[in-house]
Chemist: 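First the structure, which I've put down as structure tokens, then a few questions once you've had a look.
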Amino acid sequence: MAVVPSTNEFRVRKDTTPLYAHILKWGLLALATLAALYVVQKLIAQGSWFGVVITAFILTCILAVYATRRAVPMKYLLPGLVLLVTLQIWPIVYTVATAFTNYGQGHVLSKDEATTQSIAQSVQQVAGSPRYKLSIAVPEGADPMTGDLNFLLIDPDGKYLVGNKDGVKDLATDGVAIGDKPPMTGLIATAPGYTILTPKQVNDRNKTNADEVTNFAVPVSKEAGIKALGTKQAFQGEPTLVYDAKADTLTDAKAGKVYVPKNAYWTAEDGSGTLPTGWKQNVGFKNFKDLLTNETIRAGFFKIFIWNVAFAAISVLSTFFLGMLLALLFNDDKLKGKGFYRSLLILPYAIPGFVTSLVWASMFNQDFGLINSLTHLHIDWLGNAWWAKVAILLTNLWLGFPYMFLVCTGALQSIPGDVREAAKIDGASPFRTLRSIIMPLLLVAVGPLLIASFAFNFNNFTLIYLLTKGGPFEAADTSIGSTDLLITYAFRLAFSGASPNIGLASAVCIFIFFIVAAMSYSGFARTKSLEEVN
């Protein structure tokens with residue numbers, strides 16, 4: 001006779017999740033959806049459809065994973081995957097893509113945007129054109145010298161407008177205040193989201209950036225644009241440049257010149273000059289070729305590379321040996337107060353590196369520095385190429401030995417005491433015990449950390465930048481410093497100098513990646529042999 005199942009076996013397991021957890025879950029999903037919709041709206045306004053697709057894809061993944069009870073492992077993996085893609089993979093892909101372009105000073109726009117900007121900059125005043133009251137501004141929080149220019153305008157009818165490189169639109173009146181004192185009398189003196197530039201700031205920006213404000217124009221249409229007339233007025237005029245899409249040329253109707261695209265600039269056919277606004281375009285392997293074949297760049301690149309490798313290697317070896325010797329000293333059971341001494345030794349490691357770098361920079365001052373004062377020397381530590389390198393290595397030794405001291409202390413304490421006792425019984429001297437037993441066992445634990453330390457020092461931007469800024473520089477070439485690392489050289493190429501070249505800097509970063517990867521791979525391959533010690 002068949003057994004009748006108990007009614008308890010048919011009971012469905014009830015959901016024991018508290019109500020507040022459900023409310024919190026759906027509330028967070030709603031917030032994520034609203035945030036994604038806000039981001040999508042901003043991206044659509046900027047015309048970034050690729051960003052819209054990525055944002056929609058991420059939102060879909062979030063809803064698909066967290067709105068159901070399935071895919072439990074993915075609930076934990078998704079945040080890490082999103083952060084991995086956004087903070088690691090995407091920057092790498094973007095850097096590689098940028099390395100194949102001419103992206104940099106004067107080459108940040110697309111060709112269409114550069115053409116529109118050139119046409120707008122050619123605007124000249126015509127009789128009867130409208131005049132505007134003008135306030136020159138940058139986005140709130142931006143640097144007055146480099147922030148995107150915005151014209152805050154009051155038209156003849158009293159309407160508030162804001163114009164930038166993308167065109168002109170209405171300015172919301174909420175929070176807008178009109179000045180009643182010079183130099184802003186009758187002009188927009190305050191506007192939410194913008195910082196109004198003073199006349200001095202406008203003049204300084206013109207001097208620094210080749211009359212940038214004077215030449216800047218707000219495109220209104222293909223036939224008109226708005227340009228500044230001084231610092232308080234603007235006018236709407238007509239451009240002298242006309243674009244022929246079929247022939248892909250710009251013609252200056254007033255000067256009778258024809259401009260053709262060449263080297264990402266509109267260049268006059270007769271070779272007499274170029275228009276100031278260029279565009280971003282693919283240049284293939286040009287940046288990599290320049291690094292390897294351009295005599296000036298190549299000489300500087302290999303000079304920096306040799307010092308870069310020497311700096312990283314000497315830093316790792318010096319910090320390791322000092323840290324190891326101190327760890328061996330304070331690992332002696334006979335020593336009293338070891339905890340106190342160890343606490344003192346790790347103090348340099350506890351202080352932020354940028355603070356220590358600035359303190360040591362002042363100590364190395366030739367005239368007033370503590371080091372020259374105590375030693376009664378008059379060494380130009382930061383002005384002489386060789387002494388500057390010595391100063392960097394000494395500072396990095398001070399910064400790095402506490403870390404090596406900590407890891408060596410931990411590794412030494414993990415070595416069994418009976419191993420040393422056996423060596424002592426066999427008649428091994430202290431030095432032989434250190435060389436043949438302690439060091440191999442120590443390197444098993446410390447070897448990978450030495451490789452990681454080498455990679456860190458190879459890209460030790462903070463120390464070099466705060467201590468010497470890559471200098472001292474040769475009078476003939478101020479783009480390459482005597483203490484530059486490849487990373488500081490890439491930074492200077494990208495953001496400093498007369499013509500920053502982010503594309504070339506990205507190519508340098510790719511070289512750095514492969515150099516560090518090759519050296520790290522070689523190091524890890526060698527450390528495998530140490531595993532046999534165990």
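Since the model is a prediction, treat every value here as computed from it, not as a measurement.
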Chemist: Taking atom types as modelled, is there a side-chain donor on T249 or D244 under 3.5 Å from an acceptor on the other?
Modeler: no
Chemist: Say whether, by atom type as modelled, one donor and one acceptor occur between the side chain of T483 and the main chain of G471 under 3.5 angstrom.
Modeler: yes
Chemist: Using 30° and 60° as the class boundaries, would you call the ring planes of W381 and F364 parallel, tilted or perpendicular?
Modeler: tilted
Chemist: Is the backbone of W266 close enough, under 3.5 Å, to the side chain of T274 for a donor and an acceptor to pair up by distance?
Modeler: no
Chemist: Look at the side chain of N287 and the backbone N and O of A99, then say whether any donor-acceptor pair between them is shorter than 3.5 Å.
Modeler: yes
Chemist: Given 3.5 Å as the limit, does a donor-acceptor pair link the side chain of T468 with the main chain of G470, or not?
Modeler: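 Pair found, side chain donor or acceptor close to backbone of G470.
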Chemist: With a 3.5 Å cut-off and no angle check, do the side chains of Q124 and K254 form a donor-acceptor pair?
Modeler: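 Their side chains do contain a donor-acceptor pair, which is all the 3.5 Å distance test asks for.
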Chemist: Are side-chain N/O atoms of Y243 and D248 paired as donor and acceptor at under 3.5 Å?
Modeler: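 Yes, because at least one side-chain N or O of Y243 sits under 3.5 Å from a partner of the opposite role on D248.
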Chemist: Do D112 and S110 have side-chain atoms, one donor and one acceptor, less than 3.5 Å apart?
Modeler: no
Chemist: Which word best sums up how the rings of F461 and Y465 line up, parallel for under 30°, tilted for 30 to 60°, or perpendicular for over 60°?
Modeler: parallel
Chemist: I'd like to check the salt bridge (charged side-chain N to carboxylate O under 4.0 Å, His left out) partners of R298; sequence neighbours left out, ordered by chain and number.
Modeler: E295
Chemist: Would you check if there is a donor-acceptor pair between the side chains of Y132 and Q236 at a distance under 3.5 Å?
Modeler: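 There is such a pair (donor and acceptor under 3.5 Å, judged by atom type) between the side chains of Q236 and Y132.
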Chemist: Can any side-chain N or O of D157 pair as donor or acceptor with the backbone N or O of K159 at less than 3.5 Å?
Modeler: no
Chemist: For the side chain of D170 and the backbone of L161, is there at least one donor-acceptor N/O pair under 3.5 Å apart?
Modeler: no
Chemist: If we check side chain to side chain contact (heavy atoms under 4.5 Å, CB included) with L275, which of these qualifies: I119, L250, T115, D252?
Modeler: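 That would be L250; it is the only one of I119, L250, T115, D252 passing the side chain to side chain contact (heavy atoms under 4.5 Å, CB included) with L275.
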Chemist: Does the separation of the ring centres of F311 and F458 fall below 6.0 angstrom?
Modeler: no
Chemist: Between F285 and F100, how do the two ring planes meet: parallel, tilted or perpendicular, split at 30° and 60°?
Modeler: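 Taking F100 first and then F285, their aromatic rings stand perpendicular (interplane angle over 60°).
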Chemist: Taking only residues two or more places apart in sequence, or in another chain, which ones meet K75 in a salt bridge (charged side-chain N to carboxylate O under 4.0 Å, His left out)?
Modeler: none
Chemist: Does a donor on one side chain and an acceptor on the other come within less than 3.5 Å for N206 and T214?
Modeler: yes
Chemist: Could you tell me which residues satisfy side chain to side chain donor-acceptor pair (under 3.5 Å) with W360, sequence neighbours excluded, listed by chain and number?
Modeler: none
Chemist: Check the side chains of N396 and N457 for a donor-acceptor pair under 3.5 angstrom, ignoring hydrogens and angles.
Modeler: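 Indeed, the side chains of N457 and N396 share at least one donor-acceptor pair under 3.5 Å.
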Chemist: Can you label the angle between the F301 ring and the F305 ring as parallel, tilted or perpendicular, going by 30° and 60°?
Modeler: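 If you compare the ring of F301 with that of F305, the planes turn out parallel.
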